[in-house]
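When a ligand or atom number is given, it counts from 1 through the structure's own listing order. Just so you know, these numbers use all the heavy atoms, side chains as well, and skip hydrogens, waters and symmetry mates.
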Amino acid sequence: MDFMKPETVLNLNNIRTSLVRMEDTIVFNLIERSQFFLLPSVYVKDKYPIEGYSGSFMEWILLQTEKVHSQVRRYEAPDEIAFFPDQLLKPLLPSLKYPPVLALYSSEVNYNQEILDFYVKHIVPEVSCGQGDQEENSGSVSVCDVECLQALSRRIHFGKFVAEAKYRADPELYDRLIAARDVEGIEGSITNSTVEAMILERIKTKCETFGTDPSLKYSQKQQLKVKPELIVGLYRDYVIPLTKKVEVDYLLRRLPDNN
Ligand SMILES: O=C(O)C(=O)C[C@]1(C(=O)O)C=C[C@@H](O)C=C1
């Protein structure tokens with residue numbers, strides 16, 4: 001998608017194509033994470049003493065990554081939402097003038113805290129290859145977590161573009177639902193069960209394909225790196241529901257003159 005061209009950004013087919021692309025990144029990153037043990041220590045607040053910082057080791061790496069990336073204006077892009085928006089640094093590069101596509105409040109729709117919580121509480125325990133700490137991997141694991149979290153965050157917050165496209169396709173319907181604060185009605189209108197079923201089916205195929213060594217594909221020893229049903233379950237139970245939450249939250253604040 002070209003964020004300089006609003007007409008391409010608000011085309012639902014283009015948005016869905018981008019979501020499909022993001023699945024690849026998410027599945028690959030989760031396969032990477034599945035090589036490592038759980039490493040609970042990296043998620044415990046202040047377990048690793050770092051001067052002037054209070055929080056988990058993994059969050060510290062996430063924060064440092066965001067600080068560097070903010071200097072190359074990552075968080076000026078409308079499809080990027082920071083986990084620590086208050087601690088970003090000023091870009092070194094001149095700002096880009098993105099044409100406004102989303103409503104002005106869109107950066108306030110930030111579900112990163114929820115994403116962080118479900119990632120640490122549900123995703124990591126399910127995908128990691130064993131319990132326990134392997135101290136020597138704490139850096140690699142945390143860097144891998146940062147990549148997983150950023151990919152999940154981008155995908156889930158893409159719900160804002162889906163919501164804006166759906167609003168513009170039928171403003172009368174949404175103005176009525178929004179004025180009535182009809183959360184269930186909004187949720188019903190943004191839900192497309194056929195698309196959801198296709199996503200889950202495709203995720204299964206991607207896990208089977210990306211998680212198999214192609215040179216062993218036809219041998220007896222073929223072994224999957226990650227259980228497809230596990231990633232399918234995470235998409236079904238967390239990724240899609242949170243994307244829908246982002247969509248509903250965005251729409252509830254959408255007034256006719258917001259754009
Ligand atoms: O593609 C859409 O229409 C979306 O709203 C996105 C999405 C998703 O998370 O992938 C969410 C809700 C729909 O039921 C289908 C798919």
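Within the model, atoms CD of Glu59 and CG of Leu149 stand 9.0 Å from one another, a figure rounded to the nearest 0.5 Å.
Protein heavy atom in closest approach to atom 9 (O) of ligand 1: Arg155 NH1, 2.9 Å. Atom 16 (C) of ligand 1 has its closest protein heavy atom at Val195 CG1, 3.9 Å. At the shortest separation from atom 14 (O) of ligand 1 among protein heavy atoms lies Glu196 OE2, 2.5 Å. Looking only at protein heavy atoms, the nearest one to atom 6 (C) of ligand 1 is Glu247 OE2, 3.6 Å.
Residue contact check for ligand 1: Glu23 places no non-hydrogen atom closer than 4.0 Å to it.
Not a single N or O atom of Lys244, backbone or side chain, sits closer than 3.5 Å to an N or O atom of ligand 1. Checking only distances, Thr191 never comes within under 3.5 Å of ligand 1, N or O to N or O. Checked against a 3.5 angstrom limit, the closest N/O atoms of Arg16 and ligand 1 fall inside it.
Contacts with ligand 1 closer than 4.0 Å are made by side-chain heavy atoms of Ile199 only, the backbone lying farther away.
Annotation for ligand 1: atoms under 4.0 Å from non-hydrogen atoms of Asn192 are 13 (C), 14 (O), 15 (C). In the vicinity of Val162, heavy-atom distances shorter than 4.0 Å reach the ligand 1 atoms 2 (C), 3 (O), 4 (C), 5 (O). Near Lys166, meaning under 4.0 Å from one of its heavy atoms, ligand 1 places the atoms 2 (C), 3 (O), 4 (C), 5 (O). Listed by number with element, the atoms of ligand 1 under 4.0 angstrom from any heavy atom of Ile190 are 5 (O), 12 (C), 13 (C), 14 (O). In summary, the atoms of ligand 1 found under 4.0 Å from a heavy atom of Thr243, numbered by their order in the structure, are 9 (O).
A salt bridge is defined here as a Lys NZ or Arg NE, NH1 or NH2 lying under 4.0 Å from an Asp or Glu carboxylate O, and Glu196 with Lys244 meets this definition. The pair Lys206-Glu23 meets the salt-bridge criterion, since a charged nitrogen lies less than 4.0 angstrom from a carboxylate oxygen. Between Arg253 and Glu108 there is a salt bridge, since a side-chain N of the basic residue sits under 4.0 Å from a carboxylate O of the acidic one. Salt bridge annotation for Arg176-Glu172: absent, with no cationic side-chain nitrogen under 4.0 angstrom from a carboxylate oxygen. A salt bridge links Glu164 with Arg168: the distance from a Lys NZ or Arg NE/NH1/NH2 to an Asp or Glu carboxylate oxygen falls below 4.0 Å.
Side-chain N/O atoms of Thr65 and His69 include no donor and acceptor closer than 3.5 Å. Under the 3.5 Å distance criterion, with hydrogens and angles disregarded, no donor-acceptor pair is assigned to the side chains of Tyr53 and Asp46.
Aromatic ring pairs are classed by plane angle as parallel below 30°, tilted from 30° to 60° and perpendicular above 60°; the pair Tyr250 and Tyr105 is tilted.
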